[in-house]
Number of protein chains: 2
Amino acid sequence: MASAGVAPVDRDGEFATVGRIRDAAIARFARDGFRVGLRTIAADAGVTAGLIVHHFGSKDGLRRACDEQVLAVLRETKAKALTDGSGVTLLAQMAEVERFAPMVQYLLRSLQAGGELAATLIEHMIADAEEYLSAGEAAGVVRPSRDRAARTRYLAYQAAGGMVLWFTLHGAPASADEFSALFRRYLDDLMLPGLELFTEGLLVDRSMLDEYLMYVPDPPSGDADNAAR
Amino acid sequence: MASAGVAPVDRDGEFATVGRIRDAAIARFARDGFRVGLRTIAADAGVTAGLIVHHFGSKDGLRRACDEQVLAVLRETKAKALTDGSGVTLLAQMAEVERFAPMVQYLLRSLQAGGELAATLIEHMIADAEEYLSAGEAAGVVRPSRDRAARTRYLAYQAAGGMVLWFTLHGAPASADEFSALFRRYLDDLMLPGLELFTEGLLVDRSMLDEYLMYVPDPPSGDADNAAR
DNA sequence: CACCAGATTAAACACTCGTTCAATCCGCTC
DNA sequence: GAGCGGATTGAACGAGTGTTTAATCTGGTG
C-alpha cells in the first residue's frame with residue numbers, strides 16, 4: 001500500500017488539488033500556527049487564495065477540513081496500533097515516523113489554541129486513558145483511585161498540557177525531522193521523573209492526603225456535570 | 001495601604017494615564033488574548049490609539065510594560081506571601097483576591113502564547129519548586145529523586161501546562177469574579193487526584209521503573225544543557 | 001503675557017487579512 | 001464543433017491592523 005490516508009490520494013484530477021491544499025494547510029498550520037494567511041498556504045499548494053475558499057468555503061472551512069483529516073488519520077492509526085498492542089505510546093511512535101510529524105504538531109497547535117478539535121482530542125485521550133487504567137486496575141498493576149474519573153481527567157490534562165507547554169517554550173521546529181528529534185528529547189526529559197512519580201509517588205507520609213480527605217469527604221457521586229466537562 | 005502596586009498609583013498627573021493604559025491593557029489582554037487591537041485597549045483606558053504608542057513606543061512596548069508590571073506584582077506578592085508562610089498556594093490565593101485575577105489570567109495567556117515572560121515565569125516556578133522540594137526532602141516529607149532537577153522541571157511543566165490547558169478548554173471567563181470561581185473549580189478537580197498521585201503513586205509494582213533504569217542507566221550528570229532549557 | 005514642552009487627538013498611511021467577482025481555462029457531453 | 005460546468009486565476013474590495021503625522025490643548029516657566 002503506497003498511501004494509507006496520510007499522503008494525498010493520487011487519483012488524478014478527483015481530489016488531487018483539494019487534498020494537496022488540505023495537506024499543505026495542515027503542514028503550514030502545524031509549523032506557523034493558525035494565524036498564517038490563506039495566501040501563504042495557497043503558495044505552498046501552488047494555487048491561489050481564491051481557489052481555497054472556492055473549495056472550502058472559507059478559512060474556517062479549511063480549518064475544519066484539516067481537523068477532520070487529522071482526526072481521521074488519528075483514528076486509523078490508533079486502530080492499527082491497537083492490533084500491535086502498544087497503543088500507549090501512540091503519539092510517540094507517530095512522531096517517530098516523519099510522515100506523521102506534521103499531524104502531531106497540528107494536534108499540539110490545536111490544544112494550544114483551544115476549540116472543538118482540542119476538546120474532542122482531550123476526550124479521546126481521557127477515554128483511552130480510562131480504558132488502559134481500568135485494564136491496569138483489573139490486572140492489579142494500577143492502584144485503584146477514590147475517584148477514577150477525576151484521576152483519569154487529571155492525568156490526561158497534565159500529560160497533554162505539559163507536552164503543549166514544553167513544545168511552546170522550546171520553540172517550534174521547522175522541519176519534520178527536527179520535530180521528531182525534539183519529541184525524542186521531550187520523552188527523555190519526561191520518562192524518568194514520570195516513572196518515578198508513578199511508582200513511588202512524591203510524598204513520604206500520607207498526612208496531607210488524609211487531612212484533605214477529612215476536610216473534604218466529598219464522595220465521587222458521579223454528578224452529571226462531569227460528563228460535560 | 002490603599003494601593004500596593006496593583007491598583008494604579010493615584011499620584012495625579014504623573015503616571016495616572018500611563019498606569020491606567022497599562023492596567024487596561026493587562027485586563028484586556030488577559031480577557032481576550034494578545035490579538036486585541038490597540039484601539040480596543042485605548043477605548044478601555046479612555047484614550048486614543050496614538051497616545052499608547054506615544055507613551056510605549058509600540059504595541060510590543062506596551063506588551064513588555066505589561067509583562068514587567070505583572071512580574072513586579074508577582075515578585076512583590078510572593079515576597080509578602082513568604083512572610084505568611086503559605087507560599088505554595090500562591091497562585092490560588094492570588095486568584096481569590098479579585099484584584100489579582102486579571103494578572104493570573106494574564107500569566108496564563110502568556111504561558112499559552114509563549115515568549116520571554118512565559119520562559120521567565122516557568123523558570124521562577126521551577127526555582128520555587130526546587131526550593132520547596134529540597135526543603136521537603138531535608139525535612140523527610142518528600143522522597144528523594146534519582147534526578148532532582150529533572151523531577152522539578154517535570155512537575156513544574158505538568159502543573160503549569162495542565163492548568164493552562166484546563167483554562168483553555170473551559171472557556172475564558174469574562175469577569176474577575178468568574179475567573180475566581182473557575183479557579184476554585186479547577187482546584188477542586190485537581191486536589192484529590194493530585195494528592196492521591198503524590199502520596200500513593202499510580203503503579204502497584206516497580207517493574208516498569210526498574211526496567212527503564214536497567215535499559216537507560218543514564219546518571220543525572222548535570223550537563224550544561226539543562227540550565228538553558 | 002509669551003513661550004515652550006509634553007499630553008492628547010483625529011486623520012491619514014501603509015499593510016495584511018479574508019472574501020468577492022468577473023474573466024479565463026479546460027475537459028466533457030450533445 | 002458548440003456549448004456547458006467546474007476549476008482556476010488575478011484583481012479588487014472592505015474591514016481590520018500598527019504606526020505616523022500634523023494639529024490642538026494644557027500647564028508650568030521665563
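Lettering follows sequence order; numbering is per chain, from 1. Reckoned from all heavy atoms, side chains included, excluding hydrogens, waters and symmetry mates.
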Residue whose nearest DNA chain C nucleotide is more 5′ - A:Gly57 or A:Arg35:
A:Arg35
Salt bridge (charged side-chain N to carboxylate O under 4.0 Å, His left out) evaluation trace for A:Arg151 with A:Asp147:
CA-CA 6 Å; A:Arg151 180 176 71 175; A:Asp147 188 344; over 6 Å; no
Ring centres under 6.0 Å, that's the criterion: do B:Phe100 and B:Tyr106 meet it?
no
Between B:Thr120 and B:Asp67, does a side chain to side chain contact (heavy atoms under 4.5 Å, CB included) hold up when you go through it step by step?
CA-CA 10 Å; B:Thr120 304; B:Asp67 284 5; over 6 Å; no
Answer yes or no: does a side-chain N or O of B:Thr17 lie under 4.0 Å from OP1 or OP2 of C:dA7?
no
Outermost DNA chain D nucleotides near chain A [under 4.0 Å, heavy atoms]:
D:dA7 to D:dA12
Starting at atom CZ of A:Arg64, determine the distance to atom P of C:dG18, rounded to an integer number of angstrom.
15 Å
What's the verdict on salt bridge (charged side-chain N to carboxylate O under 4.0 Å, His left out) for A:Asp188 and A:Arg184, showing C-alpha distance, side-chain angles and the deciding distance?
CA-CA 6 Å; A:Asp188 282 349; A:Arg184 249 170 275 128; over 6 Å; no
Is the CD atom of A:Glu116 crowded by more than 12 outside heavy atoms at less than 6.0 Å?
no
Without decimals, in angstroms, what is the distance between A:His54 NE2 and C:dA23 P?
17 Å
Report the residue (A:Ser58 or B:Ile21) whose heavy-atom-nearest nucleotide on DNA chain C is the more 5′ of the two.
B:Ile21
If you round to the nearest 0.5 Å, how far is OG1 of B:Thr152 from CD of B:Glu131?
11.5 Å
Touch class at under 4.0 angstrom, heavy-atom based, for A:His55 against every strand present
sugar-phosphate
